[in-house]
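What you see below is based on every heavy atom in this structure, not just the backbone, and it leaves out hydrogens, waters and symmetry mates. In each ligand, atom 1 is the first atom listed, and ligand 1 is the first ligand listed.
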Amino acid sequence: MNDHYYMKLALNLAMSTNGQTTPNPAVGAVIVKNNQIVGMGAHLKAGEPHAEVHAIRMAGDHAKGATMYVTLEPCCHFGKTPPCADLVIKSGVKRVVIAMADPNPKISGKGIERLQDAGLQVEVGVLNEDASQINQVFTHFIQTGLPFVTLKSAISLDGKIATKEGKSKWITSSEAREDVHYFRHTHDAILVGVNTIIKDNPSLTTRQAGGGKSPVRFILDTNLRTPIDSKIVSDGLVETWIVTGSNVKKEKMDLYKNRNVHFLQMDSPKIEIKTLLKEMATMGITSLFVEGGAEVLGSFLKERAFQQVITYIAPKLIGGRMAPTSFGGEGIAEIHEALELVINEVKKIGSDIRIISKAM
Ligand SMILES: Nc1c(/N=C/[C@@H](O)[C@H](O)[C@H](O)COP(=O)(O)O)[nH]c(=O)[nH]c1=O
Ligand SMILES: [Zn+2]
């Protein structure tokens, strides 16, 4: 079997832990000797052993003279756990195949160097694309210091998110709506505007077969209009923040005192998206899932403050010049001002399609 074969296995291990290792990267490792797998492992949770540690433990003496396939450059600094590069050297592995170098400019290449200085054969870049895609959130956060932002919308074939009467349940199929919960699970935080709270009274929790992590919930609510009896501020299921502008009076916030909700009051009367993202980063939020509504998506578009767009399209026609579309706000005048994205993936989900696009 060739390097691609074993690296694919290591990538699958990494992919299977997507969302659960945050704020760490998802990493998989496989150790092979004489075309036999003698050890494998994945990093399962921040603070726990890294993928290489699990694989080396499983391999034991078989690691001597073996090849290790690892999706991310082995660390060489004392983080919450000792450096993997030293462990790999000590294990007797003689060749290390790495999919991607560490994206942190401060340490990128140092692990590779330490392995090479110890006389190991090192090869970097096998299935680099796949590995980078798995760790797009980690890479973005490390390189920009800001959360990786995904904008999500669910529309009819003619681009509507509701009828002219505001009715929207449901446009997409139950399979597509279940699929959304996977992305809630993999993102650290979820955000909607107060109009969505008023209209839908959503819970925004992750409810998928087999469970999953519910993201921290944020409501963009400049003038504090969130109904005090809405699910999201009273269910106490997940850490929840109401983001308000500077004009909201303390007395008004005190009305929510015995509710399970925190306030994040901006210094400006309007909520500045980029300021909010910086604040979220200081809270350790590395990824944000924006579920709408149209005005909120419109403001993220205007600020160009997102990395990925997930669009569900249902084969339904709603029509109506007053029926709302997915991105509100001012919008552009000239077509050449349209923001160009790249379509990464188109997939059938139930009767709908899901398009994943990336900002360039
Ligand atoms: N109307 C639709 C959606 N609507 C999305 C939001 O407006 C809903 O308030 C939110 O998903 C409800 O969250 P919950 O209470 O946690 O279930 N989203 C979809 O994918 N398809 C739709 O047809
Ligand atoms: Zn490590």
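- No more than 12 heavy atoms of other residues, nucleotides or ligands lie within 6.0 Å of NZ in K347, so this atom counts as exposed by the packing criterion.
- A salt bridge links R95 with E123: at least one charged nitrogen is closer than 4.0 Å to a carboxylate oxygen.
- The shortest contact between atom 12 (C) of ligand 1 and any protein heavy atom is with P202 CB, 3.6 Å.
- Between the side chain of K199 and the backbone N or O of S168, no donor-acceptor pair lies under 3.5 Å.
- Below 4.0 Å from some heavy atom of R177 lie the following atoms of ligand 1, by number and element: 19 (C), 20 (O), 21 (N).
- A donor-acceptor pair under 3.5 Å links the side-chain atoms of K252 to the main chain of L224, judged by distance alone.
- By the 3.5 Å distance cut-off applied to N or O atoms, D200 is counted among the residues near ligand 1.
- Counting heavy-atom neighbours within 6.0 Å of D117 CG, excluding the residue itself, gives a total above 12.
- Of the N or O atoms in R184, one or more lie within a sub-3.5 Å distance of an N or O in ligand 1.
- L339 places a side-chain heavy atom less than 4.5 Å from the side chain of F306.
- Ligand 1 lies within reach of E291, whose nearest heavy atom is under 4.0 Å from it.
- Of the protein's heavy atoms, S203 N, 2.9 Å lies nearest to atom 15 (O) of ligand 1.
- Shown here for I318 and T163, the closest heavy-atom pair between the two residues is CG2-CA, 3.8 Å.
- Checking N18 against T186 by side-chain atom types alone, no donor-acceptor pair falls below 3.5 Å.
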>> Pair D221, T226 - check side chain to side chain donor-acceptor pair (under 3.5 Å), show working.
In response: CA-CA 7 Å; D221 186 1; T226 299; 2.6 Å; yes
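- No N or O atom of T196 sits closer than 3.5 Å to an N or O atom of ligand 1.
- Here the heavy atom of the protein found nearest to atom 23 (O) of ligand 1 is I171 N, 2.7 Å.
- Residue, atom and distance of the protein heavy atom nearest to atom 21 (N) of ligand 1 are T172 OG1, 2.7 Å.
- Considering backbone and side-chain N/O atoms, R207 comes within less than 3.5 Å of an N/O atom of ligand 1.
- Looking at atom 18 (N) of ligand 1, its nearest protein heavy atom turns out to be K152 NZ, 3.0 Å.
- Counting the atoms of ligand 1 from 1 in the order shown, those under 4.0 Å from a heavy atom of S168 are 1 (N), 23 (O).
- Under the 4.5 Å side-chain heavy-atom criterion for ILVMFWY residues, no single connected hydrophobic cluster contains both V137 and M280.
- Within the 4.5 Å cutoff, no side-chain heavy atoms of I171 are placed close to those of I155.
- Close N/O approach between L204 and ligand 1 is found [any backbone or side-chain N/O within under 3.5 Å].
- Between K169 and ligand 1, no pair of N/O atoms sits closer than 3.5 Å.
- Note on K110 versus D102: no salt bridge recorded, every NZ/NE/NH1/NH2 to OD/OE distance being 4.0 Å or above.
- Considering backbone and side-chain atoms together, H181 places no N or O closer than 3.5 Å to any N or O of ligand 1.
- Pairing each heavy atom of I98 with each of P74, the nearest pair is CD1-CD, 3.7 Å.
- For atom 2 (C) of ligand 1, the closest non-hydrogen atom of the protein is W170 CE3, 3.5 Å.
- Applying the side chain to side chain donor-acceptor pair (under 3.5 Å) rule to pairs touching residues 259-279 yields nothing, sequence neighbours excluded.
- For the Zn ion (ligand 2), the nearby protein N/O/S atoms, meaning those under 2.8 Å, are H50 ND1, C75 SG, C84 SG.
- No heavy atom of G292 sits closer than 4.0 Å to any atom of ligand 1.
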